Amino acid sequence: MNILEIRGVSKSYGKVMALRDVDLVIRRGEMVSVVGPSGSGKSTLLQIAGTLDRPTAGTVRVAGHDVSRLSDSQLSALRARYIGFVFQQFHLSPGASALDNVAEGLLYTGLSRRQRRARAAAALERVGLGHRLGHRPHQLSGGQMQRVAVARAVAGEPPLLLADEPTGNLDSEAGAEVMALFRRLNAAGITIVIITHDTEVAMACPRRVRVRDGLVRSEIS
Amino acid sequence: MTALRPARLRPSDLARLGTSGLRARPMRAILAALGISIGIATMVTVVGISASSQEQLLRQLDALGTNLLRVQPGDSLFGDRVRLPKSAADMVRRIDGVTHASQTGETGVTVRRNDLIPSGVSLGITVQAASLDLLDTLDGRVRAGTWLNAATERQPVVVLGAVAAERLGLTGPDVQVWMGDRWFTVIGVLDRMPLAEEIERSALVGFPAAKDFLNHDGHPTTVYERSADEAVEGVRAVLARTVSPENPNEAKVSRPSDALKAKAAAAGAFTGLMLGLGAVALFVGAVGVANTMVVAVLERRREIGLRRSFGATRGQVRAQFLVEAVLLSAFGGGAGVLLGALATMGYARINGLPAVVPVWALGGALATTILIGALAGLYPALRAARVPPTVALSGQ
Ligand SMILES: Nc1ncnc2c1ncn2[C@@H]1O[C@H](COP(=O)(O)OP(=O)(O)OP(=O)(O)O)[C@@H](O)[C@H]1O
Ligand SMILES: [Mg+2]
């Protein structure tokens, strides 16, 4: 079963064609890297795959839902249930503990506060930060902060995890830790798409997608 | 494939969301709410002081009673003053239900500290003849010295009302004052009499003394009457006919407590100017809240995008910022109510009034600030809801 189906998708920003007639299908359980030069359209692809933006043309299906047929609030519900995001800049709230940061990611799922905090604690345990629940972001290393962000993305157990340069702000050691975490999560069944500039990261993924000038080409190693 | 429906935010979660921005920047929240606080404090103080003054007057009225009536001669058809019969008080005393009746008569002379002051200077003091039971009827008290009695009402002695004594610069009895063309000895000074301020401003002599020393004709110019509370209306109906049987239209009957009641009502009305100032402060406060919220939305685009990526709907983002604006405004309102209540208590203490802040003013203040917060937060909340989810991913 396909978790993500992108067919004939184009995206233009005024005169700039960020994506041209892209086809990309990702099956459940895959771990895919997206590589390509700067400005080639990788982030645009991820935004459209993650339903944060709509394509100018073409269709996008997430877990079988045709995105073009969904209202804004249905899209929100789809994101809450099916998709977790990890960003290059972590986007953690500086005033909140690791536990609260992770629990905040579950705010729109309908769980009670107590359930959210329980799941957040379990997710932090899963990323190896069970002993850092009460730490604020500034008390954590870059790698630990990104693991908190990953915990937040997977705490709701979405089938699809989208990451835009998750190791871009980390040194190689911390980056390797985060990649090891992604592999473990993928082994546990979650589908992962990672945008990266790092060839090591790209090579660690069984499947690579190349983007150049808005055109997409897949390759399998 | 299951239907997609966003989960509702629980009220407790919405409240926590609404305070998150305020907790992150408490100083800014305080400054933003200051305008609202000042506006509400002003209004609560205005209302509180009015209510306290009114309460004071109403308590006074309670103590003084509302069963006193006053009869005075009106103007006749031909414009000259009608004269009441010499025995008017006795006639009134015979009416059913009347417990006290007494009379005073203006003499037309002035009272002075000595004979060197020109007679035209009256100081606003009326020299009046008074019947002996006047004090009983008016429930008045002597502050110093004594009241007139059967002996002294024939002698050149005078009892001064509180204001009259003040204006003459006298504090106690046993001094001489010049009235008409001779000296009178002050034998007493009366206490304040809120229900008969004209007596406070009078110099009172006995009717016989007024006739012998001041050429008074013996006709009263005012009759005071007290009855049981239930009898007031009945007495009032026959009073004019009793004192002036031929021309009942020419006697004016009034109820002194009505004036006090009117005063209480006036004290309860707020001064428009102060309320206007409060309204201006509230408006400025609303603009402050709106401005702070617009800035907050601009600063928190990233947070908004992130929440949208978590699955927040536009409506939930809108609600978050609307609640934040309402809470900000309500905090300001709460502080304002507190300040206003304290100011009212301080004012009341200094002026010896009972401190009263009406509950409706507190409820009104809260409702107003919630409304202001909702209005001020509307535009920023709509802007927040329009922030595209993609800002979460974009580098800037
Ligand atoms: N909101 C936008 N408005 C206008 N142009 C945009 C917008 N977002 C992206 N673009 C343009 O679309 C093209 C693709 O941008 P995108 O961010 O997808 O590239 P990228 O592959 O992620 O690059 P990088 O590796 O530098 O992150 C670029 O030319 C970019 O300038
Ligand atoms: Mg990018």
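All of these numbers come straight from a predicted model, not from anything done at the bench. Here is how names work: the chains are called A, B, and so on, in the same order as the sequence lines, proteins then strands, and each is numbered from 1. Just so you know, these numbers use all the heavy atoms, side chains as well, and skip hydrogens, waters and symmetry mates.
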Can you confirm whether more than 12 heavy atoms, excluding those of A:R69, are under 6.0 Å from its CZ atom?
no
Top of A:R81, A:E165, A:Q74, A:R113 for chain B proximity - count of heavy-atom pairs under 4.5 angstrom
A:R113
Between CZ of B:R307 and CD of A:E104, what distance do you get to the nearest 0.5 Å?
4.5 Å
Top of A:S76, A:A77, A:S93 for chain B proximity - count of heavy-atom pairs under 4.5 angstrom:
A:S76
Tightest non-hydrogen contact, residues B:F310 and A:R152, listed as CZ-CD, 3.5 Å
Is B:R308 in contact with chain A via its backbone, its side chain, both, or neither, using a 4.5 Å heavy-atom distance?
both
Need one label for A:S73: side chain, backbone, both or neither, based on atoms under 4.5 Å from any heavy atom in chain B.
both
Can you confirm if the aromatic rings of A:Y82 and A:H65 lie within a centre distance of less than 6.0 Å?
yes
For A:P137 and A:A96, the nearest pair of non-hydrogen atoms, with its separation, is CD-O, 3.1 Å
Tell me the closest heavy-atom pair linking B:L322 and B:A381, and the distance in Å.
N-CB, 3.9 Å
Contact origin within A:L111 toward chain B - heavy atom pairs under 4.5 Å
backbone
Top of B:E303, B:R314, B:Q316 for chain A proximity - count of heavy-atom pairs under 4.5 angstrom
B:R314
Measure across A:M179 and A:C205 and return the closest heavy-atom pair with its distance rounded to 0.1 Å.
CE-SG, 4.4 Å
For B:A312, which atoms come within 4.5 Å of any heavy atom of chain A: side chain, backbone, both, or neither?
both
Flag the one option from B:R8, B:R5, B:R16, B:R23 with the top tally of heavy-atom pairs under 4.5 Å to chain A.
B:R16
Chain B heavy atoms under 4.5 Å from A:T51: which part of the residue, side chain, backbone, both or neither?
neither
Against chain B, label A:Q88 side chain, backbone, both or neither, depending on which of its atoms sit under 4.5 Å from a heavy atom there.
neither
